[in-house]
Amino acid sequence: MATDSWALAVDEQEAAVKSVSGFRLGDSTWGVIKTSTTAEKTDEEEKEDRAAQSLLNKLIRSNLVDNTNQVEVLQRDPNSPLYSVKSFEELRLKPQLLQGVYAMGFNRPSKIQENALSEILVHVCPQNLIAQSQSGTGKTAAFVLAMLSRVEPADRYPQCLCLSPTYELALQTGKVIEQMGKFHPELKLAYAVRGNKLERGQKINEQIVIGTPGTVLDWCSKLRFIDPKRIKVFVLDEADVMIATQGHQDQSIRIQRMLPRNCQMLLFSATFEDSVWKFAQKVVPDPNIIKLKREEETLDTIKQYYVLCNNRDEKFQALCNLYGAITIAQAMIFCHTRKTASWLAAELSKEGHQVALLSGEMMVEQRAAVIERFREGKEKVLVTTNVCARGIDVEQVSVVINFDLPVDKDGNPDNETYLHRIGRTGRFGKRGLAVNMVDSKHSMNILNRIQEHFNKKIERLDTDDLDEIEKIAN
DNA sequence: AAAAAAT
């Protein structure tokens with residue numbers, strides 16, 4: 001298959017696309033599963049309950065998602081058969097890996113896993129892949145399985161490398177890798193993240209490395225902890241931000257250039273803005289492409305509001321009025337800068353509200369502790385920056401507040417970040433709530449443009465009207 | 001503007 005003819009096919013994507021339509025469930029809604037809340041539970045029992053609920057919701061999610069999404073698969077070789085596995089057995093995963101999959105509560109592949117894993121694993125020669133599918137559809141499990149099934153545990157050097165945009169996401173993904181791979185006793189994972197210091201001249205024995213761009217680059221080049229030439233699988237999670245000019249492009253591309261020519265590249269994200277999508281196809285040679293094209297689905301399960309204010313102090317007052325309603329479950333409050341985030345957290349504390357703060361200016365040890373407390377539900381409200389906009393999966397989050405609307409460096413609306421932020425809620429097809437704080441004509445204009453972009457109504461909310469708040473909190 | 005490094 002010549003590269004040139006593929007380049008043509010990309011331009012004529014519509015024509016070449018093979019479409020697999022899923023069927024839609026009726027209007028039957030899935031009930032939220034609640035664990036019984038008998039009194040006097042120990043911390044341990046509490047933890048187990050959470051784990052059980054998370055597992056159940058995963059099952060619901062995979063079924064729900066499976067039936068409501070449309071998948072587009074575009075193969076590098078249009079003549080090759082279109083595989084779509086319906087069970088994990090068909091993938092002929094190693095038994096230890098299959099054991100890990102089932103132990104995590106996955107009974108059958110979600111739509112993205114069905115298609116992505118077929119493309120990644122079934123072909124004799126490893127092929128590159130660019131995959132887009134909305135938050136909470138099982139992307140992480142898909143690329144984790146891809147790495148785990150290609151790794152050779154007997155070889156004691158890094159063979160799979162995965163990049164995450166933030167420290168917290170690297171930790172989260174690392175946990176998934178550890179869980180899925182736990183029945184392979186000789187398999188080890190290394191975290192190439194800030195604060196993980198190794199001795200000079202040391203070599204990494206772990207077969208899989210998860211990390212953030214700066215540290216991974218150091219480990220591969222200057223510090224020589226990793227031999228990049230022996231990497232077989234290279235994964236970019238949140239791939240659009242990893243290769244975008246405003247994102248981690250420099251470091252990601254420098255790492256990519258050190259990899260061997262035959263290294264398999266897998267790019268995953270919920271969003272690919274047009275120019276980034278084109279760039280991705282330049283960066284990744286001869287990719288297979290998978291798109292789960294139902295962006296609206298995310299927005300259908302999330303009710304969006306805005307609150308009209310005149311300045312920052314009014315936003316703060318409005319937020320205080322909302323506080324009781326948002327703490328029914330867990331909430332995330334996004335600010336544009338670290339400074340605003342720490343100011344807001346301090347002010348809320350002064351008002352007697354318990355909040356946690358997470359931003360990139362904090363020490364990594366502190367960051368790890370805060371995200372852990374939030375995951376455990378010990379913190380109900382997290383005030384943060386875009387550091388938590390993507391990928392962070394905390395199930396009990398049902399409210400997202402944009403204290404500041406997401407804008408890029410030119411002050412234009414950042415639609416991708418908006419979708420990622422509000423995608424922290426409404427996970428597993430659960431209902432979620434997003435509240436946007438508007439404090440000027442300018443920010444109202446930004447909000448209107450976001451509303452137009454997604455073609456989804458964002459309703460006004462009056463935070464002085466207690467009945468209104470009651471209504472949204474229901 | 002935030003994130004990302006043993007700079």
Side-chain angles (χ1 to χ4, degrees), chain A residues 161-174 190-204 209-226 228 236-256 258 269 271 273 276 312 332-345 357-368 370-371 382-392 402-421 424 439 442-443 446 450:
Chain A
L161 176 59
C162 177
L163 289 190
S164 295
T166 64
Y167 173 77
E168 286 76 13
L169 191 55
L171 296 190
Q172 179 180 290
T173 306
Y191 289 85
V193 293
R194 237 145 117 179
N196 193 359
K197 306 212 163 144
L198 276 69
E199 274 176 47
R200 282 214 167 276
Q202 203 179 322
K203 283 272 183 267
I204 301 284
V209 177
I210 171 94
T212 42
T215 310
V216 169
L217 186 57
D218 271 3
W219 285 21
C220 286
S221 53
K222 197 170 61 190
L223 301 170
R224 307 218 162 268
F225 294 153
I226 299 172
L236 290 180
D237 191 10
E238 305 295 342
D240 58 335
V241 81
M242 301 307 284
I243 61 166
T245 332
Q246 332 83 285
H248 301 101
Q249 188 177 79
D250 282 9
Q251 291 170 327
S252 300
I253 300 297
R254 282 176 65 193
I255 294 164
Q256 187 216 359
M258 291 189 273
S269 184
T271 54
E273 185 259 325
V276 182
R312 192 173 76 167
M332 292 174 90
I333 304 176
F334 288 98
C335 301
H336 192 224
T337 65
R338 303 162 165 194
K339 212 177 133 201
T340 311
S342 67
W343 168 83
L344 182 59
L357 171 68
L358 182 49
S359 88
E361 68 187 349
M362 293 158 56
M363 308 276 286
V364 280
E365 297 79 10
Q366 214 179 346
R367 288 170 64 169
V370 169
I371 196 74
L382 186 67
V383 179
T384 187
T385 63
N386 275 344
V387 69
C388 288
R390 286 167 170 261
I392 298 302
N402 286 319
F403 191 79
D404 299 312
L405 298 177
V407 290
D408 63 19
K409 65 174 187 353
D410 304 317
N412 290 316
D414 186 343
N415 298 313
E416 284 69 37
T417 301
Y418 183 83
L419 193 65
H420 280 278
R421 277 187 185 180
R424 296 314 95 220
D439 62 2
H442 177 247
S443 60
I446 304 265
I450 290 172

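Chain identifiers are assigned alphabetically (A, B, ...) following the order of the sequence lines, protein sequences preceding nucleic acid strands; residue numbering begins at 1 within each chain. Just so you know, these numbers come straight off a predicted model, no measurement behind them.
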Quick check: does any side chain N or O of A:Q172 sit under 3.5 Å from a backbone N or O of A:G391, one acting as donor and the other as acceptor?
yes

What is the first contacted nucleotide of DNA chain B and what is the last, in 5' to 3' order, if contact means an atom lying under 4.0 angstrom from a heavy atom of chain A?
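It runs B:dA1 to B:dA6.
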
Residues two or more places apart in sequence or in another chain: which of them pass side-chain hydrogen bond (donor to acceptor under 3.5 Å, both in side chains) with A:T337?
A:T340

Classify [X] by what it touches in the nucleic acid, base, sugar-phosphate, or nothing, heavy-atom distance under 4.0 Å.
X: A:L217; value: nothing
X: A:F225; value: base
X: A:R200; value: nothing

Nearest 0.5 Å please: distance from the CG atom of A:L357 over to the CD1 atom of A:I333.
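Atom-to-atom, A:L357:CG and A:I333:CD1 are 11.0 Å apart.
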
If I take atom OG1 from residue A:T166 and atom CZ from residue A:R367, how far apart are they, to the nearest 0.5 angstrom?
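The OG1 atom of A:T166 sits 7.0 Å away from the CZ atom of A:R367.
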
Suppose the criterion is side chain to side chain donor-acceptor pair (under 3.5 Å): which pairs have a residue in residues 239-249 of chain A, not counting sequence neighbours?
A:D240-A:S269, A:D240-A:T271, A:D240-A:R390

Residue mapping more 5' on DNA chain B - nearest nucleotide basis, A:P213 or A:K222:
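In this pair, the answer is A:P213.
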
Using 30° and 60° as the class boundaries, would you call the ring planes of A:F403 and A:W343 parallel, tilted or perpendicular?
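Answer is tilted, since the angle falls between 30° and 60°.
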
